[in-house]
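Heads up: the structure comes next, in structure tokens.
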Amino acid sequence: HPELMTINFSGNSHWSKRKTRGHCLLRVSAISYQDFIDFSLNETKRYTPLLPSPLQEKYSSMIALDGQTRLEMLSFETPRIRVLRSMSIMGEAMQVLDFAAFPKPEFDLPIFCGNFFTAANTNIVVLDLNPLHDVISRRDYKEKYYDHLMPLGLKYTELLPWGGKLTSESIKFFSPIVIWTKFSSSKSKHEILYSAFVEYYKAWLELMEQAVDETDPSRIMSNLEAQHRYLTWRAEKDPGHGLLKRLIGEKLAKDLLRNFLFSGIDELGSKTFLDYFPEYWSDDGTISEKRSIIGKGFENRPWDKNGEIVGND
Ligand code: BLA
């Protein structure tokens, strides 16, 4: 696998290791997601011109309140991608990548989602082609985008096994090929993650290239609303919020979430979070602070090898 050989880690050219109870652990700052970003931008350019995004002017880099951790933002658009953006967080205690591609509403393409959180010795990973439409009730959508990708999904979900219980509400935003995993840092796991990212992103670019733009206004509206609902969910309930607030303060974190990471909330639709997710109404009429109403669930991977949902926990 050529991709397996190309991963680089920041700083020294060799691995920083320390011994703890016989295990070789990697220092957090020895891990970098820069290669992931370099790969994805170069690969995108092979398909389509990368155009500047108006978001780039306002969001480029920041130093966190600790005076040490750096946040770096990149954003672009293309004729078929409304926003292609990344945020990386680089610190002594954590390395984070949040990479996403949001298609224009003329396309019912999945949303590319690469979310990697690395701290001390844990990694929390979601890598997916998030479905724009419900893969359970819309069989045509599942067949169109996921059936042919099941072998790819199976390969990586064996190497990067299911991460256990998660916020149950999240399952509807995931596809049958989602990689949801947690692991302790090791050279081999990070190499596997890199090659999974490479293969998933290539698969997404292929879908993008083959996509046919919708002309039926009601279908465009339905794509628009589905993407708006997705943005609304993530801008309100994404698990990284707490950390982001600690890093840069509540005000800047909210601005970054609404206007950079999940930009489009104010333009793509006018429904509110509570319109889409009324179960989050709290007694005083505001949005419940809880991340989940249903609670945690899905101890095991809820899809079979054909991508059919098995049991709903
Ligand atoms: C934890 N991040 C998680 C978890 C998931 C995700 C499923 C486990 C906890 C849970 O189930 O809520 C990721 N969930 C997602 C994604 C989607 C989703 C990507 O529904 C998309 C639809 N993680 C990041 C970023 C940060 C981050 C950018 O992607 C930090 C800025 C941090 N994620 C983070 C932390 C945890 C976490 C700190 C553990 C804390 C916790 O579980 O509350």
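Along the sequence shown, the residues carry numbers beginning at 1. As the structure is a computational prediction, the values presented were derived from the model and not from experiment. When a ligand or atom number is given, it counts from 1 through the structure's own listing order.
From the protein, the heavy atom lying nearest to atom 9 (C) of ligand 1 is Arg291 NH2, 3.4 Å. With respect to atom 20 (O) of ligand 1, the closest heavy atom belonging to the protein is Ser170 OG, 2.7 Å. Looking only at protein heavy atoms, the nearest one to atom 11 (O) of ligand 1 is Thr167 N, 2.7 Å. For atom 2 (N) of ligand 1, the closest heavy atom belonging to the protein is Pro239 CG, 3.3 Å. Among all protein heavy atoms, the one lying closest to atom 8 (C) of ligand 1 is Trp180 CH2, 3.3 Å. Closest protein heavy atom to atom 29 (O) of ligand 1: Asn115 ND2, 2.6 Å. Scanning the protein for heavy atoms near atom 15 (C) of ligand 1, the closest one is Val126 CG2, 3.8 Å. At the top of the distance list for atom 36 (C) of ligand 1, counting protein heavy atoms only, stands Ile124 CD1, 3.6 Å.
Those atoms of ligand 1 that come under 4.0 Å of a heavy atom in Phe173, given as number and element, are 22 (C). Atoms of ligand 1 found under 4.0 Å from any heavy atom of Leu166, numbered from 1 in the order shown, are 7 (C), 11 (O). Those atoms of ligand 1 that come under 4.0 Å of a heavy atom in Gly240, given as number and element, are 26 (C), 27 (C), 30 (C), 31 (C), 32 (C).
Leu55 and Ser263 make their closest contact through CD1-OG, 3.6 Å (heavy atoms, listed as atom of the first residue, atom of the second, distance).
Ring pair Phe36/Phe197 is tilted by interplanar angle, where 30° to 60° counts as tilted. Ring pair Phe260/Tyr59 is tilted by interplanar angle, where 30° to 60° counts as tilted.
Put simply, the side chain of Ser168 gets close to the backbone of Gly297: a donor and an acceptor are under 3.5 Å apart. For Glu267 (side chain) and Gly264 (main-chain N/O), a donor-acceptor pair under 3.5 Å exists by modelled atom type.
Only the side chain of Leu243 comes within 4.0 Å of ligand 1, counting heavy atoms alone; its backbone N, CA, C and O stay farther away.
Between atom 38 (C) of ligand 1 and the options Phe117, Phe116, Phe174, the minimum heavy-atom separation is to Phe117. If you check each of Leu71, Leu244, Val96 against atom 28 (C) of ligand 1, the one with the closest non-hydrogen atom is Val96.
Look at Glu169 and you'll find every heavy atom at least 4.0 Å from all atoms of ligand 1.
At least one side-chain heavy atom of Tyr33 sits less than 4.5 Å from a side-chain heavy atom of Leu193.
The aromatic ring centroids of Trp233 and Phe277 lie less than 6.0 Å from each other.
Checked against Met87 for a side chain to side chain contact (heavy atoms under 4.5 Å, CB included), the options Leu74, Leu97, Ile37, Asp98 give a single hit: Asp98. Shown are Gln227, Arg234, His228; of these, the side chain to side chain donor-acceptor pair (under 3.5 Å) with Tyr230 is made only by Arg234.
Taking the ring centre of Phe262 as origin, the terminal cationic atom of Arg85 falls inside the region bounded by 6.0 Å and 45° from the ring axis.
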